[in-house]
Amino acid sequence: MTHHNSATQAPTRAPASTPTQSPASTPTSAPALLVLEDGTVHHGSAYGAQGARLGEAVFATGMTGYQETLTDPSYARQIVVQTAPHIGNTGINDEDAESRKIWVAGYVVRDAARRPSNWRSRRTLDEELSSQEIIGIKDVDTRAITRHLRSAGSMKAGIFSGDQAARPVAELVAEVKAQPSMAGARLAEEVSTDTAYVIEPRDHGWTQGVVATVAAIDLGIKTMTPVRMAERGLRVHVLPAASSFAEIEALDPDGVFLSNGPGDPATAANQIGLLREVLDARTPFFGICFGNQILGRALGFGTYKLPFGHRGINQPVMDHATGKVEITSQNHGFAVDAPVGEVVTAPQDRFGRVEVSHSSLNDGVVEGLRCLDIPAFSVQYHPEAAAGPHDSAYLFDRFVELMTAARTKTGADTVTAADTETTTHTVTTTDTETRGGNPLNA
């Protein structure tokens, strides 16, 4: 076993306690351990709540946006290691959360801010972690941890603090190893909304009529995603992960959207079947992150687990249609297995031709799919980018254009006359965006 020491060493024996005890407020001096399944142990201090928590250890490279990271449902059941050394500097505010709660299983930082400094701050990060019973660890070498995960791959882990950190290390390693793997995990239903709700464009600065309606399936949707759509005049009906095609049809939407989310896409049989019904109906479709993986599987491609995934707001992606490089926000541990650089017939051949539209410049991973014979496309990254770069915001405009073109082609009009009386929405397209009957095909 490899031990990495800091100012605090964990004792070798513990008083009687159980790993399921309720987390409590953490004294600054409380010892903590980060234990990896390969036996690597990092000694630090408790941060946030105190107790024991298991998850998959992953690293996130963003230098900003820790509040958005913590509240991104795609991080469910994961212990996030922040590569940026200083965390908590701007505290926690009441506006930037990407969902209703913190979803990370645990949190690992090097230098936790002793005092936040920002005019929007309402409380410290330590206080927020404690109030939501999130167990963290600070005062550890996050660079060493990141380098280890980058070479060995993401792995099962556990954070143990206070009395839990005093248990025998061999016992902690065995507990870490015994937890379920992320491969095969079905989590979307756990993080999804329980009830449907609507995001109206007029509530987000849109002063004209409704451009189109969207049925968005919440697989772990981030708050900013439907907001970005509403800013473009789209009325967004956010639906639970278990919604049926009949429930979508009842809304008579112009388009369907599948969101980001946690877990293994191979377990999303219900959503894959649902999307195939959407594609068979030739309803315009847009997916991001988990939605991209589900489109890949709906088309008949496979998916696989990446060694350590892409997590952060500085991931370079190539758009093959334009040659443009975009800096993107990403959070995924799985990817679509599809050929890059060629147009192929989808394994589910009724959906026609498909191509990889974007790929990662770091490792060549598929970062987007574009169908050439049906109105569907997806990307692996996060164009809503909160926090993060806005290079990819145009993808929401493409979705608007896709729905507008489909409605014009069929003569359908699914928004009311009152909604459309003052609607004006112009999207500039290039010659390369009109191939194959799909305005997105390039």
Side-chain angles (χ1 to χ4, degrees), residues 1-6 10 32-44 47 52-63 69 72 74-85 87 104-110 135-161 165 167-185 187 262-266 293 302-316 330-337 360-366 380:
M1 297 179 185
T2 304
H3 291 259
H4 299 268
N5 298 325
S6 65
L33 302 177
L34 172 67
V35 180
L36 303 180
E37 66 176 300
D38 65 358
T40 302
V41 178
H42 290 264
H43 298 257
Y47 188 44
R53 196 61 48 81
L54 303 175
E56 179 187 46
V58 302
F59 60 89
T61 59
M63 294 183 68
T69 293
D72 180 350
S74 293
Y75 280 117
R77 208 183 290 180
Q78 293 182 321
I79 293 174
V80 175
V81 180
Q82 291 279 188
T83 62
I87 297 295
V104 302
Y107 202 44
V108 183
V109 304
R110 174 181 159 180
I135 296 171
I137 182 172
K138 63 180 180 178
D139 302 329
V140 292
D141 187 345
T142 52
R143 179 172 175 80
I145 298 168
T146 297
R147 288 170 64 88
H148 184 59
L149 295 176
R150 192 179 64 189
S151 59
S154 299
M155 63 182 73
K156 297 174 183 178
I159 299 176
F160 304 89
S161 59
R167 295 165 55 199
V169 169
E171 181 180 310
L172 302 181
V173 172
E175 187 173 317
V176 165
K177 287 182 176 179
Q179 69 179 291
S181 172
M182 187 60 69
L187 302 176
D264 186 342
Q293 296 159 18
T303 52
Y304 62 98
K305 195 175 190 301
L306 294 167
F308 51 82
H310 301 163
R311 297 175 180 88
I313 58 178
N314 50 4
Q315 304 285 333
Q330 299 195 18
N331 176 11
H332 65 108
F334 294 84
V336 176
D337 186 9
S360 170
L361 291 181
N362 285 336
D363 54 16
V365 164
V366 172
Q380 186 58 62

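For the atom pair CG (Asn331) and CG (Asp72), the distance works out to 5.0 Å, reported to the nearest 0.5 Å. Separation of atoms OG1 (Thr69) and CD1 (Ile87) is listed at 8.5 Å; rounding is to 0.5 Å. From Asn314, atom CG reaches atom CD of Gln330 across 9.5 Å, with rounding to the nearest 0.5 Å. The structure places CG of Leu33 at 6.5 Å from CG of Leu172, a figure rounded to the nearest 0.5 Å.
Shown here for Leu54 and Gly158, the closest heavy-atom pair between the two residues is CD2-CA, 4.0 Å. When every heavy atom of Ala57 is checked against every heavy atom of Ala157, the shortest pair comes out as CB-CB, 3.6 Å.
Taking the side chain as every heavy atom from C-beta outward, His148 and Leu36 approach each other to under 4.5 Å.
With sequence neighbours left out, Thr83 forms a side-chain contact (heavy atoms from CB on, under 4.5 Å) with Phe59, Thr61, Thr146. For Tyr107, the side-chain hydrogen bond (donor to acceptor under 3.5 Å, both in side chains) test picks out Gln82, with sequence neighbours left out. Take Glu171 and apply the side-chain hydrogen bond (donor to acceptor under 3.5 Å, both in side chains) test, not counting sequence neighbours, and it matches Arg167. Residues satisfying the salt bridge (Lys or Arg N to Asp or Glu O under 4.0 Å) criterion with Lys156, sequence neighbours excluded, are absent altogether. Partners of Asp141 by side-chain contact (heavy atoms from CB on, under 4.5 Å), not counting sequence neighbours, listed by chain and number: Arg143, Ala144. Legend: residues meeting salt bridge (Lys or Arg N to Asp or Glu O under 4.0 Å) with Arg77, ordered by chain and number and at least two apart, are Glu190.
No side-chain donor-acceptor contact under 3.5 Å links His310 and Asn362.
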